[in-house]
Amino acid sequence: QVQLVESGGGLVQAGGSLRLSCAASGRTFSGYNMGWFRQAPGKEREFVVCISWRGTTTYYADSVKGRFTISRDNAKNTVYLQMNNLKPEDTAVYYCARKVLPYTNCDSAVDHYNSWGQGTQVTVSS
């Protein structure tokens with residue numbers, strides 16, 4: 001079982017940037033698509049972005065296209081989320097997760113992911 005630990009969250013003003021990291025331990029995530037999700041208080045967890053197992057294909061939620069960039073370094077067992085031009089509505093706890101099944105397409109369904117990290121808080125002030 002892979003364990004995921006998110007880091008890099010913080011408090012920024014609108015228009016600022018943050019880079020989140022998700023470090024994996026226990027088992028390599030090679031072969032698995034990785035996703036970032038976020039959850040604001042009182043709201044359901046929502047999809048942000050997914051990256052394919054080789055890092056060659058990405059799928060972004062419309063709300064973050066052009067502002068967020070996902071990348072992965074399988075040699076380091078780490079996935080990143082570069083967040084630029086942050087908006088107050090981006091405020092949430094951000095989680096990384098691994099898709100349940102390896103060698104499958106990226107998708108936005110929460111139920112298709114597991115091995116959730118503990119999350120890292122991102123707060124964007126206006």
Side-chain angles (χ1 to χ4, degrees):
Q1 181 179 340
V2 65
Q3 294 175 295
L4 305 175
V5 179
E6 301 94 336
S7 63
L11 173 63
V12 299
Q13 288 189 317
S17 298
L18 287 172
R19 191 191 193 202
L20 307 184
S21 297
C22 175
S25 63
R27 195 169 188 171
T28 179
F29 54 57
S30 294
Y32 291 86
N33 297 338
M34 296 292 296
W36 283 96
F37 293 76
R38 64 188 182 186
Q39 187 168 22
K43 297 184 178 180
E44 295 183 344
R45 190 166 300 185
E46 68 172 348
F47 170 78
V48 176
V49 62
C50 175
I51 187 168
S52 65
W53 70 280
R54 285 186 171 181
T56 56
T57 303
T58 57
Y59 294 89
Y60 293 86
D62 289 342
S63 60
V64 304
K65 286 181 179 178
R67 300 188 298 119
F68 291 9
T69 303
I70 190 172
S71 61
R72 67 188 295 168
D73 188 337
N74 289 341
K76 297 181 178 179
N77 278 349
T78 303
V79 62
Y80 305 95
L81 182 64
Q82 178 66 45
M83 306 185 295
N84 297 325
N85 192 25
L86 284 162
K87 303 176 180 180
E89 51 263 43
D90 295 320
T91 296
V93 177
Y94 283 70
Y95 300 89
C96 66
R98 187 184 71 179
K99 283 203 71 175
V100 174
L101 297 177
Y103 308 107
T104 55
N105 293 334
C106 268
D107 64 71
S108 62
V110 173
D111 291 346
H112 292 177
Y113 295 79
N114 64 5
S115 299
W116 299 94
Q118 86 286 357
T120 185
Q121 177 70 49
V122 172
T123 303
V124 184
S125 64
S126 59

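Here the structure is a predicted model, which is why all the values come from computation and not from measurement.
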**Q.** pair Arg19-Leu81: side-chain heavy atoms closer than 4.5 Å
**A.** no

Q: Please name all residues satisfying side-chain contact (heavy atoms from CB on, under 4.5 Å) with Asn84, sequence neighbours left out, ordered by chain then number.
A: Ser17, Gln82

**Q.** Ring centre gap for Tyr94 and Trp36 strictly below 6.0 Å
**A.** no

Q: Using atom types as modelled and distance alone, determine if a side-chain donor or acceptor of Asn33 lies under 3.5 Å from a backbone N or O of Trp53.
A: yes

Q) Can the ring centres of Phe37 and Phe47 be said to be less than 6.0 Å apart? A) yes

(Q) Measuring only between side-chain heavy atoms, which start at C-beta, is Val12 closer than 4.5 Å to Thr123? (A) no

Q: Evaluate the side-chain proximity of Asn74 to Arg54: yes if any heavy-atom separation is below 4.5 Å, no if none is.
A: no

Q: With the side chain counted from C-beta on, respond yes when Val124 and Val122 share a heavy-atom pair under 4.5 Å apart, and no when they do not.
A: yes

Q) Which heavy atom of Ser126 sits nearest a heavy atom of Ala14, and at what distance? A) CA-CB, 4.4 Å

Q. Looking only at heavy atoms, what is the nearest atom pair of Asp90 and Asn85, with distance?
A. OD2-O, 4.4 Å

Can you give each donor-acceptor pair under 3.5 Å made by side-chain atoms of residues 55-63, sequence neighbours left out, with the distance rounded to 0.1 Å?
| unit_1 | atom_1 | unit_2 | atom_2 | d |
| --- | --- | --- | --- | --- |
| Tyr60 | OH | Ile70 | N | 2.9 |
| Asp62 | OD1 | Lys65 | NZ | 3.0 |
| Ser63 | OG | Arg38 | NH2 | 3.4 |

Q | Met34 CE to Thr78 OG1 distance, which is reported to the nearest 0.5 Å | A | 9.5 Å

Q) What are the two closest non-hydrogen atoms of Leu101 and Thr104, and how far apart are they? A) O-OG1, 3.0 Å

Q. Should Tyr95 and Leu18 be counted in the same cluster of Ile, Leu, Val, Met, Phe, Trp and Tyr side chains packed under 4.5 Å apart?
A. no

Q: Write down the atom of Tyr32, the atom of Val100, and the distance for their closest heavy-atom approach.
A: CE2-O, 3.7 Å

Q. Does any non-hydrogen side-chain atom of Glu6 lie less than 4.5 Å from one of Leu20?
A. no

Q. Of the non-hydrogen atoms in Leu86 and Arg67, which two are nearest, and what is the gap between them?
A. CA-NH1, 3.8 Å

Q | Steps toward side-chain contact (heavy atoms from CB on, under 4.5 Å) verdict (Met83, Val64) | A | CA-CA 9 Å; Met83 306 185 295; Val64 304; over 6 Å; no

Q) Which pairs with one or both residues in residues 81-117 pass disulfide bond (SG atoms under 2.5 Å apart), sequence neighbours excluded? A) Cys22-Cys96, Cys50-Cys106

Q | Closest non-hydrogen atom pair, Arg98 against Leu4 | A | N-CD1, 4.0 Å

Q: Could you check if a side-chain atom of Thr120 sits within less than 4.5 angstrom of a side-chain atom of Val93, using non-hydrogen atoms only?
A: no

Q: Please round to the nearest 0.5 Å and tell me the distance separating atom OG of Ser115 and atom NZ of Lys99.
A: 13.5 Å

Q. For Tyr80, is the NZ or CZ atom of Arg72 found under 6.0 angstrom from the centre of its six-membered ring and inside 45 degrees of the ring axis?
A. no

Q. Trp116 and Val5: same hydrophobic cluster, using ILVMFWY side-chain contacts below 4.5 Å?
A. no

